[in-house]
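Structure, as structure tokens:
Keep in mind that the numbers below use all heavy atoms, side chains included, and drop hydrogens, waters and symmetry copies.
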Amino acid sequence: MPNGAYIRGVLPSPRPAAAVRIVTGPRNVSASDDLIAWEIPLDPAATSTTADDESEELVDPNDVLGIVRALNTGTQIFSSSRVGAVMGMTLIQADPAQVPPVEPGGSDNAFTILRTLTYPWTEEQPDPRLRGFLLQSPDRMRLYVDHGGDTDVVAADVRLSDAPTALLAALPSLIEEVERTVPGDTSDPHCSRLLDLTDW
């Protein structure tokens with residue numbers, strides 16, 4: 001990424017927004033005030049400030065990556081009505097119609113290859129289904145998942161140094177265990193409940 005920014009997370013936007021939030025920031029930072037969450041609408045025509053934009057195409061993952069790269073290139077000026085805060089991070093609601101295009105490069109091809117390798121192209125959908133993630137520290141990550149036919153997003157904090165294979169195998173049953181819910185935590189608007197699996 002330009003300007004030394006790294007993608008630190010992908011967050012599902014709270015309803016009813018049809019958007020995705022991409023978190024960028026320095027590589028090894030754990031303080032949320034050093035991070036920026038870019039809210040990118042998946043239907044740019046619905047939120048565009050450009051009156052003559054009649055595009056009906058939805059934004060795909062390659063478009064999102066290009067928009068994030070453009071937003072992290074050079075100086076950007078945003079209206080105060082598009083700037084807020086979420087979970088201690090600066091939240092900026094981007095308008096794709098106002099973002100200058102960035103020429104694709106080798107990193108876009110690497111992204112395409114990685115996406116192809118990690119997406120489970122099988123007949124069955126994965127369960128639980130990954131909806132997003134947020135790197136919180138070098139050893140801690142928050143996973144955002146939904147389970148079965150339920151569209152409510154559950155967040156689970158996991159430790160990266162633990163055995164990931166066992167955790168991933170147990171995740172479908174772990175997210176059903178209500179006793180693992182962090183009591184009273186309402187600081188994350190991207191999920192209906194938060195689980196602490198760091199000691200699992």
Side-chain angles (χ1 to χ4, degrees), residues 1 6-32 34-40 42 58-62 64-65 68 86-89 91 110-200:
M1 265 284 157
Y6 290 83
I7 293 179
R8 299 296 311 267
V10 177
L11 306 173
S13 284
R15 290 185 183 135
V20 63
R21 290 179 175 174
I22 308 295
V23 178
T24 62
R27 183 176 187 175
N28 293 320
V29 70
S30 58
S32 58
D34 291 332
L35 302 175
I36 297 175
W38 304 95
E39 184 171 286
I40 300 169
L42 299 177
L58 298 178
V59 175
D60 70 19
N62 288 322
V64 170
L65 181 62
V68 171
V86 63
M87 298 171 59
M89 299 177 280
L91 172 66
F111 172 77
T112 302
I113 292 167
L114 290 172
R115 183 174 52 112
T116 302
L117 291 173
T118 58
Y119 186 82
W121 293 101
T122 62
E123 296 273 332
E124 297 177 18
Q125 288 289 328
D127 191 19
R129 181 176 60 162
L130 183 65
R131 297 280 301 273
F133 72 94
L134 179 63
L135 293 168
Q136 297 176 310
S137 72
D139 191 40
R140 189 177 175 125
M141 180 168 59
R142 180 166 292 174
L143 298 173
Y144 294 89
V145 298
D146 62 18
H147 185 50
D150 192 1
T151 57
D152 279 345
V153 176
V154 176
D157 287 343
V158 299
R159 191 163 306 287
L160 299 174
S161 59
D162 294 340
T165 305
L167 174 69
L168 292 175
L171 195 58
S173 61
L174 290 173
I175 63 173
E176 295 290 328
E177 297 178 10
V178 180
E179 62 272 10
R180 293 190 179 274
T181 301
V182 176
D185 190 310
T186 58
S187 62
D188 188 341
H190 305 101
C191 61
S192 59
R193 62 189 172 100
L194 171 63
L195 307 177
D196 184 1
L197 303 180
T198 56
D199 294 328
W200 185 82

Main-chain N/O of [Y] paired to [X] side chain as donor or acceptor, under 3.5 Å:
X: Ser187; Y: Met87; result: no
X: Arg193; Y: Ile175; result: yes
X: Arg21; Y: Ile40; result: no
X: Arg8; Y: Arg27; result: yes

- Task: Could you please spell out the steps behind the side-chain contact (heavy atoms from CB on, under 4.5 Å) verdict for Leu143 and Leu130?
- Result: CA-CA 7 Å; Leu143 298 173; Leu130 183 65; 4.1 Å; yes
For a quick test of reading the model, state the closest non-hydrogen atom pair linking [X] to [Y] and the distance between them.
X: Val10; Y: Tyr144; answer: O-CD1, 4.5 Å
X: Val154; Y: Cys191; answer: C-CB, 4.3 Å
X: Val86; Y: Pro189; answer: CG2-CG, 3.4 Å
X: Phe133; Y: Leu11; answer: O-CD2, 3.8 Å
X: Met141; Y: Leu135; answer: SD-CD2, 3.8 Å
X: Leu35; Y: Gly25; answer: CD2-CA, 3.8 Å

- Do you see a donor-acceptor pair shorter than 3.5 Å between the side chains of Ser137 and Asp139? no
Report yes if the side chains of [X] and [Y] come closer than 4.5 Å at any heavy-atom pair, otherwise no.
X: Thr24; Y: Tyr6; result: no
X: Ser192; Y: Val153; result: no
X: Ile7; Y: Leu65; result: yes
X: Trp200; Y: Arg180; result: yes
X: His190; Y: Ser13; result: no

- Show your working on salt bridge (charged side-chain N to carboxylate O under 4.0 Å, His left out) between Asp196 and Arg142 and close with a plain yes or no. CA-CA 9 Å; Asp196 184 1; Arg142 180 166 292 174; over 6 Å; no
- Item | Steps toward side-chain contact (heavy atoms from CB on, under 4.5 Å) verdict (Val23, Met89) | CA-CA 9 Å; Val23 178; Met89 299 177 280; 3.7 Å; yes
- How far does CG of Leu197 sit from CG of Leu171, to the nearest 0.5 angstrom? 7.0 Å
- side-chain contact (heavy atoms from CB on, under 4.5 Å) between Asp157 and Leu194, intermediate numbers included: CA-CA 8 Å; Asp157 287 343; Leu194 171 63; 3.9 Å; yes
- Task: Could you walk me through whether Val158 and Leu167 pass the side-chain contact (heavy atoms from CB on, under 4.5 Å) test, one step at a time?
- Result: CA-CA 9 Å; Val158 299; Leu167 174 69; 3.3 Å; yes
